[in-house]
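Atoms considered below: every heavy atom in the structure, side chains included; atoms not considered: hydrogens, waters and symmetry mates. On a predicted model such as this, the values are computed, not experimentally measured, just so you know.
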Amino acid sequence: MNRRFEFFVALRYLTARRKQTVISVITVISVLGVAAGVMALIIALALNAGFRGELQRNLLGATAHVIVMEKQPGPGILNWRELLPRLKQTPHVTQAAPALYGPVMLTGPVQAAGATLKGLLPQAPVPDALRKLKSGTFNNWKPVRGYPPIVLGSRLAQSIGMVEGALVRVLSPQGEVT
(Lines give C-alpha, C1' and ligand atoms only; values in the text may rest on other atoms or scores of the structure.)
Protein backbone atom coordinates (compact mmCIF):
# COMPACT_ATOMS: atom_id res chain seq x y z
CA MET A 1 0.00 0.00 0.00
CA ASN A 2 2.84 2.41 0.74
CA ARG A 3 4.28 1.95 -2.74
CA ARG A 4 0.99 2.99 -4.32
CA PHE A 5 1.00 6.25 -2.36
CA GLU A 6 4.60 7.09 -3.28
CA PHE A 7 3.93 6.20 -6.92
CA PHE A 8 0.81 8.40 -6.83
CA VAL A 9 2.72 11.41 -5.46
CA ALA A 10 5.57 10.96 -7.96
CA LEU A 11 3.15 10.75 -10.90
CA ARG A 12 1.22 13.76 -9.69
CA TYR A 13 4.29 16.03 -9.67
CA LEU A 14 5.83 14.61 -12.85
CA THR A 15 2.64 14.75 -14.92
CA ALA A 16 1.02 18.03 -13.97
CA ARG A 17 -1.91 19.68 -15.71
CA ARG A 18 -1.45 22.31 -18.40
CA LYS A 19 -1.58 25.22 -15.99
CA GLN A 20 0.92 23.56 -13.63
CA THR A 21 3.73 22.63 -16.06
CA VAL A 22 6.22 24.63 -13.97
CA ILE A 23 5.88 22.04 -11.20
CA SER A 24 6.78 19.22 -13.62
CA VAL A 25 9.80 21.12 -14.92
CA ILE A 26 11.02 21.89 -11.39
CA THR A 27 10.54 18.23 -10.38
CA VAL A 28 12.55 16.99 -13.37
CA ILE A 29 15.33 19.50 -12.66
CA SER A 30 15.39 18.45 -8.99
CA VAL A 31 15.60 14.75 -9.86
CA LEU A 32 18.42 15.43 -12.35
CA GLY A 33 20.26 17.56 -9.76
CA VAL A 34 20.08 14.84 -7.12
CA ALA A 35 21.23 12.25 -9.68
CA ALA A 36 24.17 14.46 -10.72
CA GLY A 37 25.14 15.01 -7.08
CA VAL A 38 25.07 11.29 -6.28
CA MET A 39 27.08 10.56 -9.44
CA ALA A 40 29.70 13.17 -8.48
CA LEU A 41 29.95 11.73 -4.97
CA ILE A 42 30.42 8.17 -6.27
CA ILE A 43 33.11 9.32 -8.73
CA ALA A 44 34.93 11.30 -6.02
CA LEU A 45 34.89 8.33 -3.62
CA ALA A 46 36.18 6.00 -6.34
CA LEU A 47 39.03 8.38 -7.22
CA ASN A 48 39.92 8.81 -3.56
CA ALA A 49 40.01 5.05 -2.97
CA GLY A 50 42.24 4.52 -6.02
CA PHE A 51 44.58 7.35 -5.03
CA ARG A 52 44.81 6.06 -1.47
CA GLY A 53 45.64 2.53 -2.68
CA GLU A 54 48.36 3.81 -5.02
CA LEU A 55 49.81 6.04 -2.30
CA GLN A 56 49.90 3.15 0.19
CA ARG A 57 51.60 0.89 -2.36
CA ASN A 58 54.28 3.51 -3.07
CA LEU A 59 54.92 4.40 0.56
CA LEU A 60 54.96 0.83 1.79
CA GLY A 61 57.22 -0.12 -1.10
CA ALA A 62 59.82 2.35 0.17
CA THR A 63 59.50 1.57 3.87
CA ALA A 64 59.20 -1.74 5.66
CA HIS A 65 56.06 -2.65 7.59
CA VAL A 66 58.16 -3.50 10.65
CA ILE A 67 61.52 -1.98 11.54
CA VAL A 68 63.61 -3.42 14.38
CA MET A 69 65.88 -0.71 15.76
CA GLU A 70 68.36 -0.41 18.58
CA LYS A 71 67.20 0.87 21.96
CA GLN A 72 69.91 3.50 22.35
CA PRO A 73 71.86 5.26 19.61
CA GLY A 74 75.12 3.47 19.06
CA PRO A 75 76.83 1.10 16.67
CA GLY A 76 73.57 -0.61 15.65
CA ILE A 77 72.19 -4.01 16.59
CA LEU A 78 75.30 -6.05 17.29
CA ASN A 79 73.78 -9.54 16.87
CA TRP A 80 71.79 -8.83 13.70
CA ARG A 81 73.25 -11.87 11.91
CA GLU A 82 71.72 -14.22 14.51
CA LEU A 83 68.48 -12.22 14.63
CA LEU A 84 67.88 -12.18 10.85
CA PRO A 85 67.01 -15.91 10.40
CA ARG A 86 64.59 -15.73 13.35
CA LEU A 87 62.86 -12.69 11.86
CA LYS A 88 62.50 -14.44 8.47
CA GLN A 89 60.74 -17.37 10.17
CA THR A 90 58.11 -15.11 11.76
CA PRO A 91 54.62 -15.73 10.29
CA HIS A 92 53.61 -13.37 7.43
CA VAL A 93 57.15 -12.01 7.02
CA THR A 94 58.14 -12.16 3.34
CA GLN A 95 61.53 -10.43 3.48
CA ALA A 96 64.01 -9.34 6.11
CA ALA A 97 67.19 -7.35 5.54
CA PRO A 98 69.53 -5.33 7.74
CA ALA A 99 69.68 -1.58 7.22
CA LEU A 100 71.19 1.39 9.03
CA TYR A 101 69.25 4.63 9.50
CA GLY A 102 70.79 7.88 10.55
CA PRO A 103 70.64 11.63 10.09
CA VAL A 104 73.32 13.03 7.79
CA MET A 105 74.27 16.23 6.02
CA LEU A 106 74.70 16.03 2.25
CA THR A 107 76.83 18.64 0.52
CA GLY A 108 76.70 19.20 -3.20
CA PRO A 109 78.03 21.81 -5.60
CA VAL A 110 75.14 24.22 -4.93
CA GLN A 111 74.31 23.86 -1.22
CA ALA A 112 74.02 21.45 1.72
CA ALA A 113 70.89 19.77 3.02
CA GLY A 114 69.93 17.45 5.86
CA ALA A 115 68.67 13.98 5.09
CA THR A 116 68.08 10.56 6.60
CA LEU A 117 70.46 7.97 5.23
CA LYS A 118 69.36 4.36 4.89
CA GLY A 119 72.24 1.98 4.31
CA LEU A 120 71.53 -1.41 2.71
CA LEU A 121 73.72 -4.41 2.08
CA PRO A 122 74.45 -4.91 -1.65
CA GLN A 123 72.86 -8.39 -1.57
CA ALA A 124 69.70 -7.14 0.21
CA PRO A 125 66.36 -7.36 -1.65
CA VAL A 126 65.71 -4.29 -3.80
CA PRO A 127 62.81 -2.19 -2.47
CA ASP A 128 60.01 -1.53 -4.97
CA ALA A 129 60.63 2.23 -4.81
CA LEU A 130 64.16 1.74 -6.19
CA ARG A 131 62.83 -0.13 -9.21
CA LYS A 132 61.16 3.06 -10.48
CA LEU A 133 63.98 5.60 -10.48
CA LYS A 134 63.53 8.81 -12.49
CA SER A 135 67.17 8.77 -13.49
CA GLY A 136 69.77 6.01 -13.40
CA THR A 137 69.28 2.33 -12.68
CA PHE A 138 69.60 0.08 -9.66
CA ASN A 139 70.99 -2.87 -11.66
CA ASN A 140 74.71 -3.68 -11.55
CA TRP A 141 75.70 -0.94 -9.16
CA LYS A 142 79.40 -0.29 -9.09
CA PRO A 143 81.44 2.01 -6.90
CA VAL A 144 81.88 5.55 -8.22
CA ARG A 145 85.56 6.50 -8.04
CA GLY A 146 86.02 4.01 -5.20
CA TYR A 147 82.94 5.12 -3.19
CA PRO A 148 79.70 3.16 -2.77
CA PRO A 149 76.69 4.35 -4.81
CA ILE A 150 73.90 6.42 -3.28
CA VAL A 151 70.31 7.13 -4.34
CA LEU A 152 68.97 10.63 -3.78
CA GLY A 153 65.40 11.77 -4.14
CA SER A 154 64.89 13.94 -7.21
CA ARG A 155 64.00 17.09 -5.23
CA LEU A 156 66.91 16.63 -2.82
CA ALA A 157 69.34 16.07 -5.70
CA GLN A 158 68.03 19.15 -7.49
CA SER A 159 68.22 21.34 -4.39
CA ILE A 160 71.88 20.47 -3.64
CA GLY A 161 72.83 20.50 -7.33
CA MET A 162 73.69 16.83 -7.84
CA VAL A 163 73.60 15.00 -11.16
CA GLU A 164 73.80 11.28 -11.89
CA GLY A 165 77.31 9.88 -11.46
CA ALA A 166 78.64 12.85 -9.43
CA LEU A 167 80.18 12.54 -5.98
CA VAL A 168 78.20 13.74 -2.98
CA ARG A 169 79.80 14.36 0.40
CA VAL A 170 77.98 12.70 3.29
CA LEU A 171 78.68 14.03 6.78
CA SER A 172 77.40 12.11 9.81
CA PRO A 173 77.01 13.83 13.21
CA GLN A 174 77.41 10.41 14.88
CA GLY A 175 80.89 9.83 13.50
CA GLU A 176 83.85 9.38 15.82
CA VAL A 177 86.31 12.22 16.22
CA THR A 178 89.81 11.07 15.23
Compare all side-chain heavy atoms of R81 with those of P98 and state whether any distance is below 4.5 angstrom.
no
Chi angles and distances behind the side chain to side chain contact (heavy atoms under 4.5 Å, CB included) call for L106, I160
CA-CA 8 Å; L106 302 175; I160 64 173; 4.1 Å; yes
In sequence, state the C-alpha distance, the side-chain angles, and the governing distance for L41 and I43, and then conclude on side chain to side chain contact (heavy atoms under 4.5 Å, CB included).
CA-CA 5 Å; L41 180 65; I43 290 171; over 6 Å; no
For L87 and A96, which heavy atoms make the closest approach, and how far apart are they?
CB-CB, 4.4 Å
Can you list the residues that meet the side chain to side chain contact (heavy atoms under 4.5 Å, CB included) rule with V163, with sequence neighbours excluded?
A166
Quick one: pull up CD1 in I77 and CD in E82 and give me the separation to the nearest 0.5 Å.
11.5 Å
For the atom pair CG (L84) and CD (Q89), what is the distance rounded to the nearest 0.5 Å?
10.5 Å
Side chain proximity check, T27 to V25, heavy atoms < 4.5 angstrom
no
Search all heavy atoms of A112 against all heavy atoms of M105 and return the closest pair with its distance.
CB-SD, 3.9 Å
What's the shortest heavy-atom distance between S159 and V110, and which atoms?
O-CG1, 4.1 Å
Quick one: does V170's side chain get under 4.5 Å of T107's, heavy atoms only?
no
With side chain to side chain contact (heavy atoms under 4.5 Å, CB included) as the criterion, how do R86 and L83 come out once you've worked through the C-alpha distance, each side chain's angles and the decisive distance to 0.1 Å?
CA-CA 5 Å; R86 288 193 352 213; L83 186 61; 3.7 Å; yes
Can you give me the closest heavy-atom contact between G161 and P109, atom names plus distance?
O-CG, 3.2 Å
In terms of hydrophobic clustering (I, L, V, M, F, W, Y; side-chain heavy atoms under 4.5 Å; direct or indirect links), are V151 and V168 co-clustered?
no
For E54, what residues pass the side-chain hydrogen bond (donor to acceptor under 3.5 Å, both in side chains) criterion, not counting sequence neighbours?
R57
